[in-house]
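The block underneath contains the structure these notes are about, expressed in structure tokens.
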Amino acid sequence: MKAKFSPLQLLDFKLLESHVEFVIPKESEFDVKELFQSYVVDIDFRRRENEKTKEILLFTTVEINEDGDKPLPGYKIMVEGGGTFRIQNPEALDENLKNNLTQFSTLNMMINNLRNIIYQITNLGPMGGYLLPPIDITQLLRDKAGEGKQEE
């Protein structure tokens with residue numbers, strides 16, 4: 001089947017920062033999958049639009065098991081990436097579709113790129129690769145919108 005390209009273009013993606021630390025487990029036997037599922041995942045993002053170039057800049061940070069002074073054993077991970085996006089012919093698109101592309105799709109693409117980096121980095125580690133679970137992008141956007149309302 002021939003693929004139809006999206007009007008949303010990912011122009012550039014850069015890994016801006018990464019940090020992986022291994023916290024040595026005290027117990028000799030444990031279930032790695034169960035441990036990975038118990039990690040706290042925190043995601044934050046900042047969006048900027050360049051009015052001149054009509055480009056969308058999205059900076060996304062993913063922190064895994066970075067919760068406080070007592071992380072769980074295994075991996076402590078922080079990665080931050082920056083992406084540059086553009087929508088082709090935005091004036092020809094329905095407003096709902098345009099909003100979906102600029103809000104939902106850009107964030108989804110950034111998280112997927114960071115997911116791949118996290119897996120590649122940890123795949124060399126003692127516990128094997130950590131694969132970031134699927135993320136509810138809609139809830140992330142709601143939480144971020146609520147955060148903005150609290151600041152006002």
* To do: Take Ile137 and Leu141 through the side chain to side chain contact (heavy atoms under 4.5 Å, CB included) test and state the conclusion after the steps.
  => CA-CA 6 Å; Ile137 304 295; Leu141 292 168; 4.1 Å; yes
* Euclidean distance, Arg142 CZ relative to Thr138 OG1, rounded to 0.5 Å -> 6.0 Å
* Asked: Do Val62 and Leu140 share a hydrophobic cluster (ILVMFWY, side-chain heavy atoms under 4.5 Å, transitive)?
  -> yes
* From Leu107 CG over to Lys144 NZ, what is the distance, rounded to the nearest 0.5 angstrom? -> 10.0 Å
* Asked: Counting only N and O atoms by type, is there a donor-acceptor contact under 3.5 Å from the side chain of Asp44 to the main-chain atoms of Thr61?
  -> no
* To do: May I ask you to say whether Lys98 pairs ionically with Glu91, meaning some side-chain N is under 4.0 Å from a carboxylate O?
  => no
* Among Ile117, Asn123, Leu124, Ile118, which residue meets the side chain to side chain contact (heavy atoms under 4.5 Å, CB included) test with Ile121? -> Ile117
* Structure fact -> Looking only at heavy atoms, the pair that brings Thr84 and Glu55 closest together is CG2-OE1, 3.6 Å
* Spacing of OG1 belonging to Thr60 relative to CZ belonging to Phe45, to within rounding of 0.5 Å -> 7.5 Å
* To do: Write down the atom of Pro73, the atom of Leu35, and the distance for their closest heavy-atom approach.
  => O-CD2, 3.3 Å
* By side chain to side chain donor-acceptor pair (under 3.5 Å), which residues pair with Glu63, not counting sequence neighbours? -> none
* To do: Keeping the roles fixed (side chain from Tyr75, backbone from Met127), state whether a donor-acceptor pair exists under 3.5 Å.
  => yes
* Asked: With distance as the sole test, does Asp136 use its side chain to make a donor-acceptor pair with the main-chain N or O of Gln139 at under 3.5 Å?
  -> yes
* **Aromatic ring proximity, centroids under 6.0 angstrom, Tyr130 and Phe36** => yes
* Asked: Applying the 4.5 Å side-chain criterion to the ILVMFWY set and letting contacts propagate, would Leu15 and Ile77 be lumped into a single cluster?
  -> yes
* Structure fact -> Residues Leu16 and Gly81: closest non-hydrogen pair is CD1-C, 3.9 Å
* Sort out for me which residue in Leu114, Thr122, Ile111 forms a side chain to side chain contact (heavy atoms under 4.5 Å, CB included) with Leu132. => Ile111
* To do: Could you state whether Val40 and Val23 fall into the same hydrophobic cluster, counting links through intermediate Ile, Leu, Val, Met, Phe, Trp or Tyr residues with side-chain heavy atoms under 4.5 angstrom apart?
  => no
* Asked: Would a distance-only check, ignoring hydrogens and angles, find a side-chain to backbone donor-acceptor pair under 3.5 Å from Arg47 to Thr102?
  -> yes
* To do: Kindly determine whether Ile87 and Leu93 satisfy side chain to side chain contact (heavy atoms under 4.5 Å, CB included), including the steps that lead there.
  => CA-CA 9 Å; Ile87 296 179; Leu93 299 176; 3.5 Å; yes
* Asked: Once you round to the nearest 0.5 Å, how far does CD of Glu66 lie from CE of Met78?
  -> 7.5 Å
* **Residue pair Ser105 / Leu8: nearest heavy atoms and the distance that separates them** => CB-CD2, 3.6 Å
* Asked: Hey, mind stepping through Arg46 and Glu80 against salt bridge (charged side-chain N to carboxylate O under 4.0 Å, His left out) and telling me if it holds?
  -> CA-CA 11 Å; Arg46 299 166 312 285; Glu80 181 176 16; 2.6 Å; yes
* Establish, yes or no, whether the cationic atom of Lys76 lies under 6.0 Å from the six-membered ring centre of Phe22 and within 45° of the ring axis. => no
* Test side chain to side chain contact (heavy atoms under 4.5 Å, CB included) on Thr106 and Met110 and set out the steps. => CA-CA 6 Å; Thr106 55; Met110 289 297 296; 5.6 Å; no
* So which heavy atom on Val79 is nearest to which on Ser18, and how close? -> CG1-CB, 3.9 Å
* Structure fact -> Between Ile43 and Val41 the two heavy atoms that sit nearest each other are CG1-CG1, 4.1 Å
* To do: Before giving the answer on side chain to side chain contact (heavy atoms under 4.5 Å, CB included), spell out for Leu58 and Arg48 the whole-Å C-alpha distance, their side-chain angles and the decisive distance to 0.1 Å.
  => CA-CA 6 Å; Leu58 182 58; Arg48 304 276 186 270; over 6 Å; no
* Asked: Going from OH on Tyr39 to CD1 on Ile64, what distance comes out if it is rounded to the nearest 0.5 angstrom?
  -> 9.0 Å
* Roughly how far, to the nearest 0.5 Å, is CD1 of Ile56 from CD of Gln103? -> 8.0 Å
